[in-house]
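A single structure is presented below for examination.
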Amino acid sequence: MAGIYVHIPFCKKACNYCDFHFSTTATYKEEMIAAINSEITLRKDELDQEIIKTIYFGGGTPSLLSTKQIRSIIDRIYSTFELTKDPEITLEANPDDLSLEKLKELKKAGINRLSIGVQSFFAEHLEWMNRAHTSKESIQCLKDAQSVGFDNITIDLIYGIPTMTDEQWFKNIAQAITMNIPHISAYNLTVEKKTALDYQIKKGISQPLDDEQGAQHFEVLQTLLKAKGYIHYEVSNFGKEGYISKHNTSYWQSENYLGFGPSAHSFNGSNRSWNISNNKKYMQSIQKKELPCTVEELSNADKANEHLMLGLRNIWGCNWEYLESCLSSYQLRQLKAELVTYIMDGQILNFPSGFKISDSGILFADGIASELFVE
Ligand code: SF4
């Protein structure tokens, strides 16, 4: 089974930390939807008749589209691929786009999971990040979404904001718990190159980030959510039983997916490819029926390293059978020797078919994975 990702490259405003691909000019939305639909048709044979179990609208801000536009993409996917009976269909949305009316329409259009970019329930953090919505809008849209029958809701929260106190972070998590949000993705703020935040810190307009504060917030997050029955199934993701993201889990378990729209990535088990991150060039290329993508064939070492990177970030871990299929016996011996230190330190847990990160190692998962990378 496979997944489909659709990238909607428009946003109302640029958040200060964001380095995703988007444009704040949305005058050509219709043309973009037409191009995405054409790309879906052009790539109809790429999944080799695999059945689609998830569709994910990400971006950018997919909730900026009208329900009719979203519906047209869903319809094109249905008429092009075979889908499971009840696919997970997620829409990323910002609170200011989700009126009660829009929520009802989205439900009717087939969206059954909402990923809402709340980030913080405090006005001062939203202003600092240059978010387009208010805290009041976040709370209202969550209530409205639940009232129209969306039970599969995830919210994004950001911690490690320089002006965020420990108490405010605690209150952000508590608010989500109180509102019965069954899934939370929480991200440590990072400074990406060429973002407004990068500029602000370099110019001394914003305080630099504090790693210790980030680590402390992560500990609070882990403790609070675990105590409330959330499964910490990936470094940044926590879900109640039955609410673990099927789409993202399929990425982390190296299943195949197709990505449509500018900058969208695809994976087919042996190749990764990504579309051009330029809206105009993307549309021009699709008009000429040419796929605007770059393809990279993965070597066995690349596959093993991706497996280490992804596996050490989640509760399913890394699998020896998969690693044995990618690595030579010399490379496997080396990897096993390097693992010993982390197992002795309690940062990695061993089990018969593989190994995974422990609670104490999870904060260092990316660093440990890169230490284990195979040449
Ligand atoms: S709304 Fe999302 S994609 Fe758009 S700028 Fe903000 S963080 Fe980036």
Side-chain angles (χ1 to χ4, degrees), residues 5-29 32-33 36 56-66 69-70 73 90-99 102 106 111 113-138 141-142 145 153-164 172 176 183-201 206 209 214 236-237 245 247-248 251 259-265 274-279 282:
Y5 173 80
V6 183
H7 190 87
I8 305 300
F10 302 111
C11 289
K12 265 185 208 161
K13 283 169 89 171
C15 303
N16 73 348
Y17 54 85
C18 182
D19 71 340
F20 293 157
H21 171 68
F22 66 91
S23 163
T24 49
T25 309
T27 46
Y28 52 90
K29 270 196 276 179
M32 180 59 75
I33 304 305
I36 289 173
Y56 191 101
F57 287 90
T61 312
S63 54
L64 280 180
L65 299 187
S66 69
Q69 290 167 329
I70 293 168
I73 297 174
T90 306
L91 182 91
E92 282 185 358
N94 279 343
D96 45 320
D97 297 327
L98 294 180
S99 65
K102 176 99 174 229
L106 289 171
I111 302 296
R113 184 170 183 269
L114 288 173
S115 171
I116 304 179
V118 168
Q119 318 306 356
S120 171
F121 289 101
F122 287 88
E124 65 202 79
H125 304 145
L126 298 175
E127 277 162 33
W128 185 86
M129 290 185 271
N130 199 35
R131 297 287 300 175
H133 62 92
T134 64
S135 168
K136 210 172 147 199
E137 282 169 328
S138 296
C141 90
L142 289 171
I153 297 175
T154 177
I155 63 169
D156 284 352
L157 292 175
I158 292 182
Y159 57 92
I161 297 170
T163 57
M164 180 183 267
N172 271 339
H183 188 283
I184 296 168
S185 298
Y187 301 100
N188 193 4
L189 184 66
T190 50
V191 186
E192 304 300 337
K193 283 194 184 122
K194 295 187 183 161
T195 56
L197 181 58
D198 185 28
Y199 173 84
Q200 287 160 359
I201 292 176
S206 285
L209 308 188
S236 310
N237 287 279
S245 162
H247 185 83
N248 289 339
Y251 290 157
F260 302 114
S263 84
H265 284 228
W274 53 94
N275 282 346
I276 192 166
S277 297
N278 180 302
N279 289 359
Y282 166 81

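One-based numbering, in listed order, for ligands and for the atoms of each. When reading the values below, keep in mind they use all heavy atoms of this one structure, side chains included, and skip hydrogens, waters and symmetry mates.
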**Asked** Side-chain donor-acceptor pair under 3.5 Å between Glu192 and Thr190, yes or no?
**Response**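 Judged by distance alone, the side chains do pair up.
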**Request:** Starting from atom 3 (S) of ligand 1, find the nearest protein heavy-atom neighbour and note its residue, name and distance.
**Result:**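 Answer, as residue, atom name and distance: Gly60 N, 3.3 Å.
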**Message:** For the CE atom of Met164 and the OH atom of Tyr159, what is their distance to the nearest 0.5 Å?
**Reply:**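 Rounded to the nearest 0.5 Å, the CE-OH separation comes out at 11.0 Å.
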**Request:** Give a yes/no answer: is there an N/O/S atom of Cys15 under 2.8 Å from atom 8 (Fe) of ligand 1?
**Result:**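 Checking atom 8 (Fe) of ligand 1 against Cys15, no N, O or S atom falls under 2.8 Å.
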**Request:** For Phe22, take its heavy atoms, then give the atoms of ligand 1 lying under 4.0 Å from any of them.
**Result:**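 Atoms satisfying the 4.0 Å criterion: 5 (S).
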**Asked** Measuring from the heavy atoms of Gly117, does anything fall under 4.0 Å of ligand 1?
**Response**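 Gly117: no contact with ligand 1 (<4.0 Å).
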**Interfacing atoms of ligand 1 (cut-off 4.0 Å, heavy-atom, Thr61)** =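 Counting atoms of ligand 1 from 1, those under 4.0 Å from Thr61 are 1 (S), 4 (Fe).
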**Request:** If you have a sec, work out which protein heavy atom is nearest atom 8 (Fe) of ligand 1 and how many Å separate them, to one decimal?
**Result:**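 Checked against all protein heavy atoms, atom 8 (Fe) of ligand 1 sits closest to Cys18 SG, 2.3 Å.
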**Prompt:** What atoms of ligand 1 come within less than 4.0 Å of a heavy atom belonging to Lys13?
**Reply:**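 Those qualifying, in numeric order: 5 (S).
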**Asked** For ligand 1, which atoms, with element, lie under 4.0 Å from some heavy atom of Asn94?
**Response**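 Per the distance check, 1 (S).
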**Prompt:** Considering only heavy atoms, which of Glu92, Arg131, Gln119, His133 lies nearest to atom 2 (Fe) of ligand 1?
**Reply:**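 Looking at heavy atoms only, the winner is Arg131.
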**Asked** What orientation do Tyr56 and Tyr5 show, parallel under 30°, tilted 30 to 60°, or perpendicular over 60°?
**Response**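 It falls in the parallel class, under 30°.
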**Message:** Tell me if a side-chain donor or acceptor on Asn16 pairs with a main-chain N or O of Ala196 at a distance below 3.5 Å.
**Reply:**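 No.
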**Message:** Surrounding CZ of Phe20 (heavy atoms of other residues, nucleotides or ligands, distance under 6.0 Å), is the total greater than 12?
**Reply:**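 Not more than 12 within 6.0 Å, no.
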**Request:** Using only heavy-atom distances, determine whether the side chains of Asn279 and His21 contain a donor-acceptor pair under 3.5 Å.
**Result:**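 Judged by distance alone, the side chains do pair up.
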**Asked** Near Cys11, which atoms of ligand 1 are under 4.0 Å from a heavy atom of that residue?
**Response**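 Counting from 1, the qualifying ligand atoms are 1 (S), 3 (S), 4 (Fe), 5 (S).
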**Asked** Is there a donor-acceptor contact under 3.5 Å linking the side chains of Ser63 and Asn94?
**Response**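 Short answer, no.
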